[in-house]
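Numbers for residues simply follow the sequence, beginning at 1. What you see is a predicted model, and the numbers here were worked out from it, not measured in a lab. No hydrogens, no waters, no symmetry mates; every other heavy atom, side chains included, goes into these values.
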Amino acid sequence: MKIKLYKNLYQVTFLPSIFPINCFILEQEENLICIDMGTRKFVHEIKKLTHQTGKPLSKLILTHAHGDHVNGVPYFKEVFPDVPVGISKRDSYLLKKDFRLKADEPDKPIKGGFPRNNVPIDFTFEEGDTIDTLEVISSPGHTPGSVSFYEQQHRIVIAGDAFQTKGGIAVSGVLKWLFPFPKAATWDNKTAVNSAIKLLNRSPELLAVGHGDVLVDPEGKMKEAIKTAEARIGK
C-alpha cells in the first residue's frame, strides 16, 4: 500500500506497480471524507489516518459502480458502521443489477465488472449537489452515472475513471496499451470526451484519478488527452 499527500488530499494506492487502484481521503477543517473503496485493504489505512489527523470520517462517496471502486464497501461498513456511503442516483441502479438504459442515453452496452454481492448504500446524489466541501459533477461516459468531485479551495478534481494516468494520461475510452482496462470498461466514448472537457473547464490544480498518479497543474496534459480522444473517437 502506498500513501502520498497532495495539499489536503491523501492518495492511498493498492498494487501501485501492477494494477493501481486508488482511494482518496480529503482532509477538511473538522473531518475527513473518503472517495472510492475498491478493496477492503484500504479500510485500515483510513483508520490510521483518522488517528493520525485526529479527525473523524464523515462520509464515503463513490465515483461509479464498478467493482474496483466499490468492492471494499461491505467491509468498510463493518469497521465504520455509522459512516454513510453514497453513490450517484444513476449508478445506484447498476448496483441493483438494473442495466436498463434511459431513453435519452446512448444505446451502448454498459461494460465493466460489477460486484456480485450487495453493496450497502445510504444516500444518493446528483449533479450540482454538495457533499461537505465537495461539489458533485456529473461526468458520464465510463458508466452512465459516473461522477467527479470538485474541491474549490484547492481546485482539486477527483475524477474517478473519467481520466486515467497509469500508462499515460487518457480520457476514458482511449486505449493505453500499458493499462487498457479503463478503455475496455467504458460505456460510451463520445459522452466520456464531453465529460473530460467539462472537467478541464474547472481549471484544476490537481487531477486525481482512479488508476495512476495524481497530476499537479494538469491542464496542459488534460488538453492533450482530450485532443487525442477527439481524434480517435470523433467530436
Side-chain angles (χ1 to χ4, degrees), residues 1-6 9-28 31-53 55-97 110-125 131-132 134 136 142-143 145-149 158-162 164-166 172 179 181-182 184-185 208-214:
M1 200 72 72
K2 178 181 177 183
I3 300 177
K4 292 189 73 173
L5 176 62
Y6 300 86
L9 183 72
Y10 293 88
Q11 177 188 12
V12 185
T13 308
F14 177 65
L15 297 177
S17 300
I18 305 168
F19 190 109
I21 299 173
N22 291 329
C23 155
F24 295 97
I25 298 93
L26 186 77
E27 184 171 359
Q28 305 174 122
N31 52 42
L32 308 175
I33 188 166
C34 183
I35 300 95
D36 284 342
M37 189 55 51
T39 170
R40 61 184 288 155
K41 294 184 181 296
F42 288 136
V43 173
H44 293 296
E45 299 301 327
I46 295 166
K47 192 77 171 176
K48 291 178 187 176
L49 281 172
T50 64
H51 293 304
Q52 178 182 319
T53 61
K55 296 178 180 181
L57 191 63
S58 68
K59 294 175 184 68
L60 166 61
I61 51 178
L62 307 169
T63 59
H64 63 287
H66 282 152
D68 59 343
H69 292 256
V70 308
N71 280 338
V73 173
Y75 182 63
F76 173 90
K77 288 296 284 186
E78 290 181 21
V79 177
F80 294 98
D82 297 324
V83 176
V85 178
I87 195 168
S88 74
K89 184 177 180 180
R90 178 65 185 91
D91 263 22
S92 71
Y93 292 102
L94 304 185
L95 292 180
K96 299 172 186 174
K97 310 297 189 292
I110 296 173
K111 301 178 182 179
F114 294 90
R116 296 180 180 179
N117 299 323
N118 177 57
V119 176
I121 297 296
D122 301 299
F123 68 100
T124 61
F125 44 75
I131 304 170
D132 292 11
L134 294 171
V136 177
H142 192 62
T143 66
S146 288
V147 300
S148 301
F149 302 105
I158 304 166
D161 286 355
Q164 69 183 79
T165 60
K166 176 65 175 177
S172 183
F179 198 73
F181 309 103
V209 299
H211 306 285
D213 292 337
V214 171

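The backbone N or O of Asp82 lies less than 3.5 Å from no partner atom in the side chain of Lys77, so there is not a single donor-acceptor pair. In this structure, Lys55 contributes its side chain and Gln28 its backbone to a donor-acceptor pair below 3.5 Å. Side chain of Ser92 to backbone of Ile87: no donor-acceptor contact under 3.5 angstrom is found. The main-chain N or O of Gly145 is found under 3.5 Å from a side-chain atom of Ser88 such that the two form a donor-acceptor pair. Asp161 places no side-chain N or O within 3.5 Å of a backbone atom of Ser172 that could act as its donor or acceptor partner. A donor-acceptor pair under 3.5 Å is formed between the side chain of Gln11 and the backbone N or O of Gly212. Under the 3.5 Å distance criterion, the side-chain polar atoms of Asp122 are matched with a main-chain donor or acceptor of Val85. Distance alone, capped at 3.5 Å, places no donor-acceptor pair between the Asp213 side chain and the Thr165 backbone.
No side-chain heavy atom of Glu45 sits under 4.5 Å from any side-chain heavy atom of Tyr10. At a threshold of 4.5 Å between non-hydrogen side-chain atoms, the residues Leu9 and Ile158 count as touching. Side-chain contact check for Ile61 versus Phe123: some heavy-atom pair is nearer than 4.5 Å. A 4.5 Å side-chain heavy-atom check between Val214 and Lys4 finds every atom pair outside the cut-off. The shortest distance between side-chain heavy atoms of Phe125 and Lys89 does not fall below 4.5 Å. Two residues are said to be in side-chain contact when any heavy atoms from C-beta on lie closer than 4.5 Å; Asp68 and Phe181 fail this criterion. For the pair Ile46/Met37, a side-chain contact is recorded, criterion being any heavy-atom separation below 4.5 Å from C-beta on. Contact check for Pro120 versus Val73: side-chain heavy atoms found under the 4.5 Å cut-off.
Atom-to-atom distance recorded for Asp132:CG and Lys59:NZ is 3.5 Å, nearest 0.5 angstrom. Taking CD from Gln52 and CD1 from Ile25, the interatomic distance works out to 10.5 Å, rounded to the nearest 0.5 Å. In this structure, the separation between OG1 on Thr63 and CG on Asp36 is 3.5 Å, given to the nearest 0.5 Å. For the atom pair CD1 of Ile121 and CG of Asp91, the computed distance is 10.0 Å after rounding to the nearest 0.5 Å. Distance check, rounded to the nearest 0.5 Å: CG of Leu26 to OG of Ser58 gives 9.0 Å. If you take CG on Leu62 and CG on Leu95, they are separated by 7.5 Å, rounding to the nearest 0.5 Å.
Just one residue in the list Val83, Leu60, Val12 forms a side-chain contact (heavy atoms from CB on, under 4.5 Å) with Cys34, and that residue is Leu60.
No side-chain N or O of Asn71 forms a donor-acceptor pair with one of Thr39 less than 3.5 Å apart.
Cation-pi check for Lys47 over Phe80 is met; the charged atom lies under 6.0 angstrom from the ring centroid and within 45 degrees of its normal.
The aromatic rings of His142 and His66 stand perpendicular to each other, their planes meeting at an angle above 60°, with 30° marking the opposite boundary. Between His69 and His64, the ring planes are tilted. Angles from 30° to 60° get that label.
Few gaps surround CZ on Phe179; more than 12 heavy atoms of other groups in view lie less than 6.0 Å from it.
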Which is it for Lys41 and Tyr75 under the side-chain contact (heavy atoms from CB on, under 4.5 Å) test, yes or no, and what are the steps along the way?
-> CA-CA 9 Å; Lys41 294 184 181 296; Tyr75 182 63; over 6 Å; no
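Closest approach of Phe76 and Val43 over heavy atoms only: CA-CG2, 3.8 Å.
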